[in-house]
Structures are given as structure tokens and as C-alpha cells.
*Asks:* 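Below you'll find the structure I mean.
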Amino acid sequence: MTSLLLSLLTALQMLSSFMHYVVNDYQPIDSLYGCFRGENTMGADERGVRTNADLSMVAAFMGRYAKEQVTLPQGITWEQLDTISLKSLRYAVATHKAVRKRVCKDGRYWGSVSVKDHQWESSLWAMSVAYSAFFQWDRLPQSLKDDIHTLLKAECNYELQRTIPTGYIGDTKAEENGWEVDVLAATLGLFPADSLAPQWFERMRAFAINSYSHPSDASNRMVIDPWYDNKTVADLYKGPNLYPDWTLQNHNFFHTSYQNVVIQELGEAALALRLFQGSNPRWHSNALLHNCDSVAKNVLNWLTLPDGEQAMPNGNDWSLYLYDQVTSYSTLACMLGDRDALMFEQQALQQIALRQRLTKDGSWLLHPDVGARRMGVEAHRVMMTWLMHHVFPTDGLKPSTWSDFAQRYAKAKWFPCQNIVRTLTKDYFACFSFSKGLKSFTGYMEPLKGYDLWEGNLIVPYRHYNTGNIIGWYETSKKDKDGKVVRMKPNARLLGEPKVRLYGNYFSAEAQLLENDSSLLRHFTLLSTPKGLLYNDTVKVLRHVTIDKDKTGMLAISNDPFAGLWRSEYYQKITGKDKASVKGLLNVEAKGGSMRVGDESIDNSINTLKLYPYGGKARRKHEIKYLAK
């Protein structure tokens with residue numbers, strides 16, 4: 001069995017194990033309806049509708065594709081899954097604004113029906129409803145099929161009425177436009193002969209072009225679909241959702257989860273058109289993968305690690321180490337023949353499987369940030385990866401090797417629109433960010449020498465306040481006019497602009513930060529070398545404050561079962577006050593340091609320990625080496 005076939009069988013086996021969680025999360029309502037529990041069970045918002053739609057879809061998928069290939073967990077039957085998927089689909093459809101056969105628990109309906117009555121993200125949930133319906137289509141009564149048509153038609157007609165948003169600074173519309181593409185594609189796939197289908201098709205293409213829309217699209221005269229009409233990219237372009245260097249910001253900062261998810265969305269749209277219509281589809285478009293390859297090659301590949309994880313220089317605002325980019329890899333591999341993506345997809349699937357084995361109920365992680373909603377999102381992506389290969393097989397496509405990939409992406413790179421620098425050597429990856437979004441000044445490194453899948457994700461991309469790994473922070477206080485001690489915020493802001501230079505595979509960065517309500521001035525340099533990172537700074541107190549704790553140079557290190565519990569091993573490997581070895585993979589040396597590890601906590605669903613090279617003792621000058629062994 002090839003490694004690819006093994007990976008795809010692993011995906012089905014993971015989804016089979018996940019059915020234990022699905023069945024436990026299901027809640028019967030009556031003879032017609034049921035739903036899945038979440039943060040707002042039976043509610044009309046994302047916390048209720050999205051959870052139910054995703055889990056209904058995944059259960060229905062299992063009934064359609066997995067019966068002959070995997071065995072369900074003990075005590076769970078295929079008949080049980082069929083009942084669950086049908087009743088939860090009924091509930092999702094009946095509670096939509098266009099159907100109105102049952103209200104949600106809060107007395108409201110969900111969905112978008114017009115510009116005057118719409119709901120953020122409802123098209124994404126409607127897409128999952130469409131997939132769930134397709135998987136069960138042959139056994140659905142005509143009345144339910146008609147209601148599904150009514151639901152999807154209303155969502156698509158809203159898309160015809162609204163404007164297509166753009167804007168790349170702080171809060172891109174790339175992701176949101178991507179999920180509008182999804183509902184239009186799914187509806188075209190299920191109802192290709194609808195009288196409004198040509199209008200939906202035109203709108204789908206426009207949203208697709210304006211998902212990863214780049215300034216260069218304004219002059220792109222390539223005809224998109226010669227088989228259909230002569231419209232060019234420039235004809236459909238509304239404005240940029242990407243910065244000139246191909247990066248994007250969402251929630252006011254850059255991270256790779258938001259950067260890559262549009263590839264997944266556009267891929268799922270293309271998948272729906274082919275899967276729902278068959279091998280000779282009436283509706284198909286080259287617009288659906290617009291600029292996906294460019295985003296991968298100009299941004300994502302520079303931040304991808306050997307296990308398929310993608311570096312997050314500014315941290316993240318949801319659970320870490322989900323490998324939820326797996327379907328973006330699948331899209332690139334299956335639809336564009338990307339060998340690098342195929343390699344990383346296989347690695348990511350292995351990591352998802354390793355993590356799932358740590359749970360007792362088939363869930364995907366131990367400490368989910370949004371409970372069943374996160375479980376549904378991850379299952380959604382594993383399912384879509386399997387379907388990508390089912391519909392667009394990669395027979396004959398040989399995955400890249402890490403050594404070949406690393407050689408092609410070895411040079412240090414600066415992303416000017418995000419103020420992020422990165423380096424990749426044979427021994428380590430490192431990055432640092434001077435983000436102008438949330439004004440984040442942080443970075444981290446991952447040792448790669450002797451790399452093993454179990455030893456990845458050693459350093460967690462940790463942000464605290466608006467600094468984090470490497471820079472760390474000071475905790476300070478002062479007395480107010482009444483003599484009361486006031487804790488000062490350890491905020492930071494740039495004084496001037498950073499000076500970043502690239503030297504082949506390496507970089508240097510120099511900057512000044514005003515911190516703690518401008519009471520401290522820090523001048524620092526960070527240098528990447530063949531052996532690792534060198535950090536030094538000097539800190540000047542600008543006005544009277546008390547330095548309570550010095551957390552400069554800190555690293556957040558995973559103590560999660562996923563990365564292996566290593567705390568006792570760590571303590572045994574502190575070789576001196578100024579030296580520490582982290583699992584034999586990373587050495588930290590601090591001149592005049594007093595190494596301390598502690599402050600265990602769950603951050604972004606990951607259990608972490610914090611390494612403080614100076615142990616919290618106040619210093620005005622720091623010299624630290626982070627060396628990959």
C-alpha cells in the first residue's frame with residue numbers, strides 16, 4: 001500500500017473514531033428532529049448552527065462513503081449514524097429563515113435571505129447543509145429536498161443583491177468572500193438547472209476572483225473561462241484583499257491559518273461542483289483557484305515546517321497545532337498537482353492522527369477552545385481531504401522530499417507588508433515579527449536537526465500582551481499620588497522603524513521599543529547564525545518605576561502530551577544557572593542568567609511551560625543564545 005493510500009485510509013479511520021464523539025454529542029428532539037450540542041445548543045448563531053451543520057455533514061459522509069471501508073467504534077451502528085445525520089439535517093433546514101418550520105431555542109431563525117435580513121457566515125453553514133444533503137440525497141423525501149432548494153436559493157439570491165467587499169488592511173475580506181463562493185458552488189452543483197443558475201455562476205466567479213484578490217489583478221487580462229465567455233480577471237476584480245507581498249491580515253494581524261484557509265474554501269467550491277454534478281459538469285470555472293498557487297509560493301511555503309505545520313510569527317487567536325491547513329494542501333495537490341503540498345498533506349494527516357490518539361472519545365484535541373464547534377471544523381477538514389482525493393486522485397504525483405523543499409526555500413525572507421523576517425537552515429527555522437496590526441513584537445524558533453514527528457512543535461508561538469517569545473517583557477509598578485502601588489501595563493511600541501538586513505540564509509534585526517507606558521526604552525538586536533539565534537539588548541529606565549519581574553528572553557515550551565511530556569527530563573538537563581538544554585534539541589545560554597522554568601498554563605489549547613533565562617531577576621542588559629544542537 002502506498003503512503004498516500006495509507007494516509008487516506010488513516011483519514012477514514014480517524015473519522016470513524018470520531019463517531020464516538022459525534023454520537024455522544026447528539027441530542028434527540030422528537031420523531032423528526034435532532035441536533036448536536038455546542039456552546040449554544042439549538043441556537044441561531046455560529047455557536048449553534050455551525051456546530052450542528054458540520055457534525056451532521058460528517059455523520060452523513062460516513063454513511064455514504066465509509067461503510068465498506070472501516071469499522072465503527074464498539075456500540076455504534078451505521079443505522080444510528082443514518083438517523084443522526086437525517087434528523088440533524090432536518091433541524092438545520094427547518095430553522096432557516098427561508099423555510100421557517102421550526103424556531104431555534106432563542107425564538108429566532110438563522111440565515112440570509114436579503115440585504116435587509118442577512119447573517120454573517122450563514123453561507124458557510126449553508127454549504128455544510130448542502131454537503132450533508134448531497135450525501136443523503138437518495139433517501140431524502142421530496143418535501144425535504146424542496147426545503148433544501150428553498151434554503152440554498154435564498155442564500156444565493158442574497159449574494160446577488162449584496163456588494164462584494166474588499167480591503168486588506170487589518171481585516172481582509174478574503175476568507176469571507178471565500179465562503180460566499182462555497183454556497184454558490186454547492187447550490188449550482190445540487191440544482192444546476194435552476195433558472196437563476198447563470199446569475200449564481202457569474203456571482204460565484206466574481207466572489208472567487210475577489211477572495212485572494214491582489215493589486216496585480218487590476219491589469220490581468222487573462223480570460224477566465226474561454227468555454228463560457230470572454231471576461232478577464234480585471235473585468236471581475238473589485239479591489240485587493242491581499243497586500244502587495246501576497247500576505248493578508250485578519251482580526252488585525254497576520255497568521256498562517258487565515259492566510260491559507262481561502263485555498264481550502266475555493267477548493268471545496270470546486271469539489272462541490274464536480275462531486276455534485278459528476279464527471280461532465282454543466283458549471284465549472286477556472287476562477288475557483290484564483291491566485292492560490294501564488295499565495296502558496298510567495299507566502300505559505302516560506303513558513304511551512306517539516307511536519308506540515310505552518311509557523312505563526314504573531315501567535316494565533318484559536319487552538320494551536322490543529323493542522324487544519326490539511327485541506328488547503330489537498331486542494332493544491334489534487335487540483336494543481338503541487339508535489340510540496342502532497343508531502344505536507346501526508347505529514348499533517350499523520351500529526352492529526354497522533355493527536356487524536358491522545359483522547360478517549362475520538363475528539364481531535366484535549367483542550368478545545370470552542371468545544372464541539374472546533375471538533376466539527378476539524379472533522380470537516382479531514383473529511384474534505386479524503387473527498388479531494390476521491391474526486392481528484394493524485395495517481396502518479398510523487399510528493400517532494402523535505403531536503404529538496406528546504407533547499408528551494410533556504411534563503412532568509414522579509415515580508416515587508418507585515419514586517420516579518422524568517423530563516424530556514426538545515427538545523428532550525430526561526431522567525432520574528434514587528435507587526436503593525438496588533439503591534440506584536442515576538443518570534444520563535446524550531447530546531448530541525450535529527451527531526452522526528454514527535455519532537456516538532458517544541459517552541460509554542462506564544463504572544464503575551466503584545467510581546468512574547470524572545471523579547472519577553474518586564475512587569476513593573478509605581479506609586480500614584482496617594483502612595484498606592486499601581487501595576488503598569490507591559491505594552492510595547494516601536495520607536496522609529498526596525499532595521500532588518502538579509503545575508504543569504506540569515507538575517508539581522510535591530511529596533512527600539514518603548515515599553516510599560518513608555519517608562520522603559522529597550523534597544524535590541526536579533527541575529528540568526530548557522531548555529532542559532534543571538535539576542536542582546538540594553539534597557540533604560542526613563543522615569544521612576546519598580547521592576548518587579550524581568551521576563552526577557554522567555555520561551556514558551558510545549559508540555560502538552562501531543563509533544564511528549566518532558567518536564568522531568570528538562571530539569572535534569574539544566575547544566576548551570578546560565579545554561580539549559582530543552583529535550584536535547586535546543587540549548588539556551590544566557591550571560592549572567594539564572595534559568596527558571598514554570599508558569600505552567602494552557603495557552604491556545606496547548607499545555608505550556610515558560611523558560612525564563614534570567615529567572616525574573618531584574619537586569620538592564622541581556623545576552624542570550626538559542627542554539628539548535
*Asks:* Could you tell me the separation between the CG atom of Asp560 and the CG atom of Asn457, rounded to the nearest 0.5 Å?
*Replies:* 9.5 Å
*Asks:* Does the ring centre of Tyr131 sit less than 6.0 Å away from the ring centre of Phe276?
*Replies:* yes
*Asks:* Scan Tyr228, Trp227, Phe201 and name whichever one has a ring pair (Phe, Tyr, Trp, His ring centres under 6.0 Å) with His284.
*Replies:* Trp227
*Asks:* So, for Phe507 and Trp414, is the gap between ring centers shorter than 6.0 Å?
*Replies:* no
*Asks:* Check each of Phe432, Tyr428, Phe429 against Thr423 using the side chain to side chain contact (heavy atoms under 4.5 Å, CB included) test, and report the only one that passes.
*Replies:* Tyr428
*Asks:* Should the pair Arg205-Asp229 be classified as a salt bridge under the 4.0 Å nitrogen-to-oxygen rule?
*Replies:* yes
*Asks:* Does the ring centre of Tyr65 sit less than 6.0 Å away from the ring centre of Trp386?
*Replies:* yes
*Asks:* Applying the side chain to side chain contact (heavy atoms under 4.5 Å, CB included) test to Gln310, which of Asp324, Asn260, Asn301 qualifies?
*Replies:* Asn260
*Asks:* Considering the options Asn241, Leu266, Val233, Asp217, which one meets the side chain to side chain contact (heavy atoms under 4.5 Å, CB included) requirement together with Asn291?
*Replies:* Asp217
*Asks:* For Trp318 and His255, I'd like to know if the aromatic rings sit close, meaning centre-to-centre distance below 6.0 Å.
*Replies:* yes
*Asks:* Rounded to the nearest 0.5 Å, what separates atom OH in Tyr212 from atom CD in Glu265?
*Replies:* 8.5 Å
*Asks:* What distance separates Trp179 CH2 from Ser211 OG, expressed to the nearest 0.5 Å?
*Replies:* 11.0 Å
*Asks:* Dump the intermediate steps for salt bridge (charged side-chain N to carboxylate O under 4.0 Å, His left out) on Asp340 and Lys297, then the final yes or no.
*Replies:* CA-CA 10 Å; Asp340 295 335; Lys297 288 182 167 56; 6.0 Å; no
*Asks:* Assess whether a salt bridge exists between Arg203 and Glu180, defined as any Lys/Arg side-chain N lying under 4.0 Å from an Asp/Glu carboxylate O.
*Replies:* no
*Asks:* Please say which of Leu458, Leu586, Leu585 ends up in a side chain to side chain contact (heavy atoms under 4.5 Å, CB included) with Glu446.
*Replies:* Leu458
*Asks:* Does any part of the side chain of Thr425, heavy atoms only, come nearer than 4.5 Å to the side chain of Tyr506, both counted from C-beta?
*Replies:* yes
